[in-house]
Peer 1: 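Next up is a structure, given as structure tokens.
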Protein chains: 2
Amino acid sequence: MSQAGLDLPEATVARLPEYLRALHHLADTGHDTVSSEGLANAAGVNSAKLRKDLSHLGSYGTRGVGYDIGPLIGQIEYVLGLTMRRAVALVGVGNLGHALAGYAGFTSRGFRIAALFDADTTRVGEKINGLAVLHVSDIPVVVKRESISIAVLATPASAAQTVADQLISAGVTSILNFAPCVLSVPDRVDVRKVDLAIELQILSFHEHRKSAHVNGLNGEVRK
Amino acid sequence: MSQAGLDLPEATVARLPEYLRALHHLADTGHDTVSSEGLANAAGVNSAKLRKDLSHLGSYGTRGVGYDIGPLIGQIEYVLGLTMRRAVALVGVGNLGHALAGYAGFTSRGFRIAALFDADTTRVGEKINGLAVLHVSDIPVVVKRESISIAVLATPASAAQTVADQLISAGVTSILNFAPCVLSVPDRVDVRKVDLAIELQILSFHEHRKSAHVNGLNGEVRK
DNA sequence: TAGATTGTTAATCGATTAACAATC
DNA sequence: TAGATTGTTAATCGATTAACAATC
């Protein structure tokens, strides 16, 4: 009863890639099976949560023994749609985009950077990892030709919405947005956002709380 | 009754930086007040959630009018601990780390990269944005001297745990981890993880589901 | 069989949301 | 005052967790 159209809780979907990474690591280090406790530790969650998550995929464990690593990798990759290598477009090869274009993790974990775009004509033609940077005006033609459905957006915030609109009308239905702004997109398009400063600000909140604690304050009153 | 030791729901903490970004944008474009509906749109959430979140900070709105942007920015920055510019250490100036070292968003949004480290002696001494790369063996001395409590980890996964241990014993209590691995740290240390391949894999899951839908399948059965 | 471990249940917890009284 | 909008309530929803029966 394992299905692709499977409706999984979003929280589970977000953890499956971490399980997958941990399972690959276990496989690489010579393991064949792993207990929920073992895999949970490797993935940084508790074992009840792990078992609950995996139970949504169907039954890949054996009571008293654990999970068969090989088949479980196959099932998670299948559910995540990683049985094909997905083509990704990257827009914006500035500081961050340039680094993302060279990021080995994309290649090793199911993706292929199929096109690079930038609005700056002086960067067009430049090769990164053997792939030439194209002008953003080529987005419609190239995205269609390469059947690209996923894009990584690494432009300045001021350009992000316009580029997103162009990507979407060319056929992109998933966007990973590194620009610090909110994108407005049709319902059928999925957006995930990574904002590096926001991550640090969340940590800053906890630093602030920790220092209040050290001062023995239960609620350092402002002013 | 605004307090620093304030216990906020984690979900609220994670959204405050987004509100802050939207508020700065509104302030920059000449606005003085904004309604919950207006700010919610700018931040990509619904207005009920926004009002609930802000209610935890105390009362900064006026019924019938909206929120005063200036004071609200001040309050959110205060709660997030951004009234001081926090010193950050960055370890690993490879592909991604080099880009992060030059990321303007860190500087403009409350942080100061105070030290760069790498294990590769051939990179030690190299200057990035005017700051020299130091060897990881300098972590204990420099982290203490500069009172650094936040670190960004952009090393290979194989080195991440060892470097994290060194950072923590030098006094770091918050880590932003870009290495694709789980860190084990004491309870007092906060870790946030950014895994670029995982973000794409989550999008891939939704792509897979969308294509199953197009095929009219309610549950494309496997095999 | 005895020991180990999964898969599932049910209780609990936290987050979201609509609705509206309070109030500017 | 009338209109607008906040702050709060209460219902709902989804996620987490401990515990344990099922079963290898």
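Numbered from 1 within each chain, the chains take letters A, B, ... in sequence-line order. Quantities reported herein were computed from a predicted structural model and do not represent experimental measurements.
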Peer 1: For residues 99-112 of chain B, pull every pair meeting side-chain hydrogen bond (donor to acceptor under 3.5 Å, both in side chains), keeping only residues two or more places apart or in separate chains.
Peer 2: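 side-chain hydrogen bond (donor to acceptor under 3.5 Å, both in side chains) check on residues 99-112 of chain B returns A/D195-B/R109.
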Peer 1: With side chains defined as the heavy atoms from C-beta onward, is the minimum distance between A/T173 and A/I150 less than 4.5 Å?
Peer 2: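 Heavy-atom side-chain distance check fails, nothing below 4.5 Å.
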Peer 1: For residues 174-187 of chain B, which residue pairs pass the side-chain hydrogen bond (donor to acceptor under 3.5 Å, both in side chains) check, not counting sequence neighbours?
Peer 2: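 Applying side-chain hydrogen bond (donor to acceptor under 3.5 Å, both in side chains) to every pair that reaches into residues 174-187 of chain B, excluding sequence neighbours, yields A/E207-B/S174.
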Peer 1: What residues form a side-chain contact (heavy atoms from CB on, under 4.5 Å) with B/V182, not counting sequence neighbours?
Peer 2: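 B/V182: side-chain contact (heavy atoms from CB on, under 4.5 Å) contacts with A/E18, A/R21.
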Peer 1: For B/L80, is there any backbone N or O sitting under 3.5 Å from a side-chain donor or acceptor partner on A/S204?
Peer 2: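 Present.
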Peer 1: Quick one: how far along DNA chain C does chain B reach, first to last nucleotide 5' to 3', anything under 4.0 Å to a heavy atom?
Peer 2: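 Range of nucleotides within reach of chain B: C/dA15 to C/dC24.
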Peer 1: Test side-chain hydrogen bond (donor to acceptor under 3.5 Å, both in side chains) on A/D53 and A/Y19 and set out the steps.
Peer 2: CA-CA 10 Å; A/D53 283 339; A/Y19 302 156; 2.6 Å; yes
Peer 1: Show your reasoning for whether side-chain contact (heavy atoms from CB on, under 4.5 Å) applies to B/I175 and B/D190.
Peer 2: CA-CA 6 Å; B/I175 296 176; B/D190 284 287; over 6 Å; no
Peer 1: Holding to side-chain hydrogen bond (donor to acceptor under 3.5 Å, both in side chains), I want the full list of residues that pass it with B/T155, two or more places apart in sequence or in another chain.
Peer 2: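 Per chain and number, B/T155 pairs via side-chain hydrogen bond (donor to acceptor under 3.5 Å, both in side chains) with no residue.
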Peer 1: Give the residues of residues 10-41 of chain A touching DNA chain C, defined as any heavy atom closer than 4.0 Å, sorted by residue number.
Peer 2: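 By residue number: A/S35, A/S36.
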Peer 1: One pair to check against side-chain contact (heavy atoms from CB on, under 4.5 Å): B/L23 and B/I76. What are the steps and the verdict?
Peer 2: CA-CA 10 Å; B/L23 286 163; B/I76 294 179; 3.7 Å; yes
Peer 1: More than 12 non-hydrogen atoms from neighbouring residues, nucleotides or ligands closer than 6.0 Å to NE2 on B/H24, yes or no?
Peer 2: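 Enclosed.
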Peer 1: Could you pull out all residues at least two apart from A/K52 that satisfy side-chain hydrogen bond (donor to acceptor under 3.5 Å, both in side chains)?
Peer 2: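 With neighbours one apart ignored, the set is empty.
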Peer 1: In chain order, what residues pass the side-chain hydrogen bond (donor to acceptor under 3.5 Å, both in side chains) check against B/K49, with sequence neighbours excluded?
Peer 2: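 If we apply the side-chain hydrogen bond (donor to acceptor under 3.5 Å, both in side chains) test to B/K49, skipping adjacent residues, there are no hits.
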Peer 1: Distance alone, cut at 3.5 Å: any donor-acceptor contact between the side chains of A/H31 and A/T33?
Peer 2: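 Checked: A/H31/A/T33 side chains show no N/O donor-acceptor pair below 3.5 Å.
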Peer 1: Judged by each residue's nearest nucleotide on DNA chain D, which is more toward the 5′ side, A/R63 or B/T62?
Peer 2: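 Here B/T62 is the residue nearer the 5' end.
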Peer 1: For DNA chain D, determine which residues of residues 182-195 of chain B have any heavy atom closer than 4.0 angstrom to one of its atoms, and list them numerically.
Peer 2: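 Per residue number, the list is empty: none.
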Peer 1: Please tell me if the side chains of A/K193 and A/F178 come closer than 4.5 Å, counting only heavy atoms from C-beta onward.
Peer 2: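 No, too far: nothing below the 4.5 Å cut-off.
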Peer 1: For A/D32, which residues count as a side-chain hydrogen bond (donor to acceptor under 3.5 Å, both in side chains) partner, sequence neighbours excluded?
Peer 2: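 Applying side-chain hydrogen bond (donor to acceptor under 3.5 Å, both in side chains) to A/D32 gives none.
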Peer 1: Quick check on contacts: within residues 43-52 of chain A, what sits under 4.0 Å from DNA chain C by heavy-atom distance?
Peer 2: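 When residues 43-52 of chain A is checked for heavy atoms under 4.0 Å from DNA chain C, the hits, listed by number, are A/R51, A/K52.
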Peer 1: How does DNA chain C look in dot-bracket form if you count Watson-Crick and G-U pairs under 3.5 Å, write [ ] for pairs that cross, and put | where a base pairs with another strand?
Peer 2: ..||||||||||||||||||||||
